[in-house]
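Only one structure is covered here, and it is reproduced in the block below.
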Amino acid sequence: MKLFATEADITWLKLDSKVFKGETIAKFNDDVLPKLHASYEADEAENAIVRICKNKYCDCTTEDCDNYGRDIVCPKSCAKKAAGCQNQLFEQYRKQKTKCFLVKSSGKKGIGLFAARTIKKNEFIIPYHGEIISKSELQIRKEKYRANGETHTYPFKAGRFCIDPTEYGNSARFGNHSCDPNMHAKSYVVSDRKRGFKAIGFVANKNIRKGTELTIDYGYDYNPETSQRCLCRKRNCKGWIGQPPPAAIDRNDGQNRQTGSKAVTKKIALGSKLMSDCRYVLNKILADLQKAEKTKAGGASTTGNEGAEENLQDAVLE
Ligand SMILES: C[S@@+](CC[C@H](N)C(=O)[O-])C[C@H]1O[C@@H](n2cnc3c(N)ncnc32)[C@H](O)[C@@H]1O
């Protein structure tokens with residue numbers, strides 16, 4: 001059985017034209033394997049790891065397992081033991097006949113992932129597969145993609161490496177960003193990969209209804225070179241995917257979408273209420289002070305505090 005993809009395997013570039021017919025994506029094979037790029041292979045210092053669960057009698061779904069619970073996926077050899085290892089997340093995903101998501105158009109955001117059925121909180125949805133490349137290879141590719149005028153960005157940080165599904169990968173690459181996402185990216189140590197590498201999978205962070213778009217938060221460091229407007233339409237939308245461009249920060253643009261309208265009105269109302277409360281308290285202090293002065297000196301101010309009183313009056317009368 002193959003562990004990794006080879007050059008002969010299908011790539012998105014070839015696939016794109018065949019499967020994207022109209023709105024909905026035709027049924028296609030999501031059964032892809034991670035593909036190791038030469039830049040990953042070249043990192044001799046990092047040996048492959050194998051973390052075998054030494055407990056012969058557990059099925060690797062409880063704390064008895066040496067790996068489960070520490071987000072370490074058992075190696076394939078583990079499945080041969082007496083109880084049969086169930087901690088083979090990525091293999092189990094490949095064997096699923098029907099996936100819990102659909103790939104279809106998400107309007108101006110391009111293509112997106114949508115729940116094909118109800119998905120429960122903490123359910124594993126999809127692994128993020130693509131070519132595994134080094135960070136320096138990523139820089140080279142970013143330049144290439146920009147020069148090619150690619151609108152969508154796909155590479156994902158995976159420990160000290162990167163997963164790039166731009167040309168080869170599975171449909172996890174269609175997970176769009178949201179400022180209020182319903183999935184999060186979880187990283188796993190997987191046997192047979194180099195030490196610095198973490199496999200990525202998308203996991204539901206809440207119960208998700210059928211038909212809902214499946215989204216993750218790309219994070220603040222997402223593609224800072226080319227800031228993109230966020231179209232998630234969530235109430236807490238920051239206006240940008242990742243970092244806003246410097247000019248937008250200067251204008252205080254793209255913070256919270258609410259700053260444009262209702263939030264401003266609300267803040268003004270709160271400010272006025274605060275001012276009127278202060279005014280009431282200061283007036284009361286002033287009146288008490290004046291009363292005390294009058295009682296003490298029969299009407300003449302002798303406190304030597306007139307300036308302060310004036311200031312106080314200024315504040316109250318403002
Ligand atoms: C990993 S891809 C997601 C799949 C992409 N929609 C497609 O059609 O291939 C990331 C790209 O999708 C688009 N995208 C994702 N989330 C978005 C959002 N909330 N608002 C606008 N564009 C978004 C951006 O072009 C981004 O670079």
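From a predicted model like this one, the values you see are computed outputs, not experimental measurements. By convention here, the first residue in the shown sequence is residue 1. Just so you know, ligand 1 is whichever comes first in the structure, and atom 1 is the first atom listed for that ligand.
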Please write down residue, atom name and distance for the protein heavy atom closest to [atom].
atom: atom 15 (C) of ligand 1; result: N176 OD1, 3.0 Å
atom: atom 20 (N) of ligand 1; result: L231 N, 2.8 Å
atom: atom 6 (N) of ligand 1; result: K109 O, 2.6 Å
atom: atom 9 (O) of ligand 1; result: Y154 OH, 2.4 Å
atom: atom 8 (O) of ligand 1; result: I111 N, 2.7 Å
atom: atom 16 (N) of ligand 1; result: H177 N, 2.9 Å
atom: atom 12 (O) of ligand 1; result: H152 ND1, 3.3 Å
atom: atom 24 (C) of ligand 1; result: Q228 NE2, 3.3 Å

Query raised in the report: Polar-atom distance check: G175 versus ligand 1, any N or O pair below 3.5 Å?
Result: no

Query - Close N or O approach (Y128, ligand 1; < 3.5 Å) - result: no

Give the atoms of ligand 1, by number and element, whose distance to some non-hydrogen atom of [X] is under 4.0 Å.
X: C232; value: 19 (N)
X: G110; value: 6 (N), 8 (O)
X: R173; value: 1 (C), 2 (S), 3 (C), 4 (C)

Query raised in the report: Does the side chain of Y145 pick up a donor-acceptor pair with the side chain of D164 at under 3.5 Å?
Result: yes

Query raised in the report: Does H177 reach the main-chain N or O of Y218 with its side chain, forming a donor-acceptor pair under 3.5 Å?
Result: yes

Query raised in the report: With distance as the sole test, does K210 use its side chain to make a donor-acceptor pair with the main-chain N or O of F114 at under 3.5 Å?
Result: no

Query raised in the report: How are the rings of Y154 and F174 set to each other: parallel, tilted or perpendicular (split at 30° and 60°)?
Result: perpendicular

Query raised in the report: Of the backbone atoms (N, CA, C, O) and the side-chain heavy atoms from C-beta on, which set of I241 has a member under 4.0 Å from an atom of ligand 1: side chain, backbone, both, or neither?
Result: side chain

Query raised in the report: With backbone taken as N, CA, C and O and side chain as the heavy atoms from C-beta onward, which portion of R229 lies under 4.0 Å from ligand 1: side chain, backbone, both, or neither?
Result: backbone

Salt bridge flag under 4.0 Å for residues [X] and [Y]:
X: K144; Y: E167; value: yes
X: D180; Y: K206; value: yes
X: R94; Y: E91; value: yes

Requested in this report: Report yes or no: does a heavy atom of S178 sit under 4.0 Å from some atom of ligand 1?
Outcome: no

Query - Within-shell test, C230 vs ligand 1, heavy atom, strictly < 4.0 Å - result: yes

Query raised in the report: Given the side-chain rings of Y188 and F197, with only the six-membered ring counted for Trp, is the space between their centroids under 6.0 Å?
Result: no

Report task. Tell me, please, whether Y40 has K194 positioned over its six-membered ring: NZ or CZ under 6.0 Å from the ring centre and within 45 degrees of its axis? Result -> yes

Query raised in the report: Is the Lys NZ or Arg CZ of K99 less than 6.0 Å from the centre of Y93's six-membered ring, within 45° of the axis?
Result: yes

Report task. For a side-chain contact (heavy atoms from CB on, under 4.5 Å) with N182, tell me which candidate from N207, I216, I208 qualifies. Result -> I208

